[in-house]
Protein chains: 2
Amino acid sequence: MLMTDMTVSELGRRTGTTADTIRYYQRIGLLPDVARSPAGYRLFTDSDVERLAFIKRAQRFGLQLDQISELLGVRDRGLCPCGHTRELLTGRLEELDEQLESLSRLRADIEHLLQGDSPSEADDAWPCGSGLIEIGARPKGGRK
Amino acid sequence: MLMTDMTVSELGRRTGTTADTIRYYQRIGLLPDVARSPAGYRLFTDSDVERLAFIKRAQRFGLQLDQISELLGVRDRGLCPCGHTRELLTGRLEELDEQLESLSRLRADIEHLLQGDSPSEADDAWPCGSGLIEIGARPKGGRK
DNA sequence: ATAAGGGTTGGAGTTGACTCCAATGTCAAG
DNA sequence: CTTGACATTGGAGTCAACTCCAACCCTTAT
């Protein structure tokens with residue numbers, strides 16, 4: 001086993017992914033089956049780091065895993081961005097421009113919210129209500 | 001009922017949402033309960049259009065519904081972007097910048113893919129394999 | 001040699017965000 | 001006054017993308 005090889009959780013650490021997610025990606029074919037150590041441990045290489053980084057970028061780009069899978073197929077074969085795949089990508093690029101547009105509007109909304117009436121550095125001085133505002137814990141009841 | 005009032009599907013049409021989704025948003029408290037016609041039909045107003053547009057923008061911004069709910073609470077009360085909420089927003093803004101960065105890298109990847117070896121206007125001239133590349137239909141087997 | 005902390009599997013469960021349904025009521029047009 | 005396209009409800013189902021689990025195996029430090 002080469003020095004550059006790494007286990008599943010090491011790959012996770014380097015890419016900000018969990019071991020479970022990586023194994024999941026292998027199950028659905030997004031990541032290839034890789035070499036194994038004598039004990040059966042997966043041995044990933046730098047190319048897997050690269051591939052996973054590509055996947056994460058593509059996800060942020062707004063593509064779904066099956067679309068990314070398709071893209072990787074094209075990438076792997078180093079050719080054939082044919083009709084359908086072209087449309088997927090150029091279409092996504094266009095959508096993205098719209099999104100950037102609408103995003104800058106939200107950014108304005110948010111700047112407005114952030115400034116509002118709040119005194120500059122009195123973060124904790126505000127009455128935040130009860131534990132009402134609890135990110136992560138779903139309100140379930142919802143606020144009306 | 002004022003001229004500006006509209007039914008659930010009209011609101012949907014104006015915002016690119018389905019009636020079901022709008023009712024769902026009401027269930028979870030993202031949209032307020034609104035006035036009803038004598039027959040019990042929901043009567044939405046322009047302010048609901050605005051609110052729903054805000055929600056969609058926030059979604060594109062990458063926020064989840066419960067975070068948006070929180071944001072709307074702040075917006076409704078017109079104040080208190082206190083510690084926690086501030087962090088949510090500024091944090092998201094920072095992440096966004098990273099995303100834009102990583103996005104431009106993917107854009108480069110994609111430009112590369114799009115150009116590749118393909119002759120300029122021979123879109124349909126490429127051997128796309130079988131029906132292998134089928135967006136929308138999950139491969140299930142995955143390509144390995 | 002044993003305990004802590006990794007790894008393996010197949011399969012089941014969870015989460016977020018819808019999406020659909022049946023049964024029923026309402027409204028405008030012909 | 002019926003037909004068709006809307007509306008109402010509560011609850012169940014779907015989908016993508018994880019996330020967790022039990023029951024096991026491997027490695028390293030004490």
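In what follows, every chain begins at residue 1, and chains take the letters A, B, ... in the order their sequences are listed. Side-chain atoms are counted along with the backbone in the values below, which use heavy atoms only and exclude waters and symmetry mates. Just so we're clear, the structure is a prediction, and the values are computed from it rather than from any experiment.
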Would you mind classifying the nucleic acid contact of B:Q26 as base, sugar-phosphate or nothing, using non-hydrogen atoms under 4.0 angstrom?
->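 The residue B:Q26 makes no contact with any strand.
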Which part of the nucleic acid, if any, lies within contact of B:T18, taking any heavy atom under 4.0 Å across all strands shown: a base, the sugar-phosphate backbone alone, or nothing?
->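 Nothing: the residue B:T18, judged by heavy atoms under 4.0 Å, touches no strand.
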B:R75 to B:F54 six-membered ring, cation-pi geometry met (6.0 Å, 45°) = yes
Picking from [options], which would you name as closest to the side chain of [X]?
X: B:S9; options: C:dT19, D:dC6, D:dC18; value: D:dC6
X: B:Y25; options: D:dC18, C:dT8, C:dC18; value: C:dC18
X: B:R27; options: C:dC18, D:dC18, D:dG10; value: D:dG10
X: A:V8; options: C:dT8, D:dC6, C:dA12; value: C:dT8
X: A:R36; options: D:dT9, C:dG7, C:dT8; value: C:dT8
X: B:Y24; options: C:dT19, C:dC27, D:dT19; value: C:dT19
X: A:A39; options: D:dC26, D:dA17, D:dC6; value: D:dC26

Spacing between [X] atom [atom1] and [N] atom [atom2], to the nearest angstrom:
X: A:L11; N: C:dG6; atom1: CG; atom2: C1'; result: 15 Å
X: B:D20; N: D:dG13; atom1: CG; atom2: P; result: 16 Å
X: A:I68; N: D:dA16; atom1: CD1; atom2: C1'; result: 12 Å
X: A:R13; N: C:dG6; atom1: CZ; atom2: P; result: 8 Å
X: B:D66; N: C:dT15; atom1: CG; atom2: P; result: 13 Å
X: B:I28; N: C:dT15; atom1: CD1; atom2: P; result: 15 Å
X: B:R23; N: D:dT9; atom1: CZ; atom2: P; result: 7 Å
X: B:L43; N: C:dT26; atom1: CG; atom2: P; result: 15 Å

Most 5' of A:G40 and A:Q59 on DNA chain D, judged by nearest nucleotide =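 The residue whose closest nucleotide sits nearer the 5' end is A:Q59.
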Earlier contact from the 5' end, DNA chain D, for A:Q64 and B:T7 | B:T7
Identify the residue among B:V8, B:L30, B:D48 that makes a side chain to side chain contact (heavy atoms under 4.5 Å, CB included) with B:I22.
->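 For B:I22, the side chain to side chain contact (heavy atoms under 4.5 Å, CB included) check succeeds only for B:V8.
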Would you say the side-chain atoms of B:K56 pair up with the backbone N or O of B:T17, donor to acceptor, closer than 3.5 Å?
->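 Side chain of B:K56 to backbone of B:T17, a donor-acceptor pair under 3.5 Å: no, none is there.
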Under the 3.5 angstrom rule, does the side chain of B:Q26 hit a backbone N or O of B:P32 as a donor-acceptor pair?
-> yes
Side-chain N or O of A:R42 less than 4.0 angstrom from OP1 or OP2 on C:dG7?
-> no
Given A:T18, which of A:D20, A:T15, A:T21 fulfils the side chain to side chain donor-acceptor pair (under 3.5 Å) condition?
-> A:T21
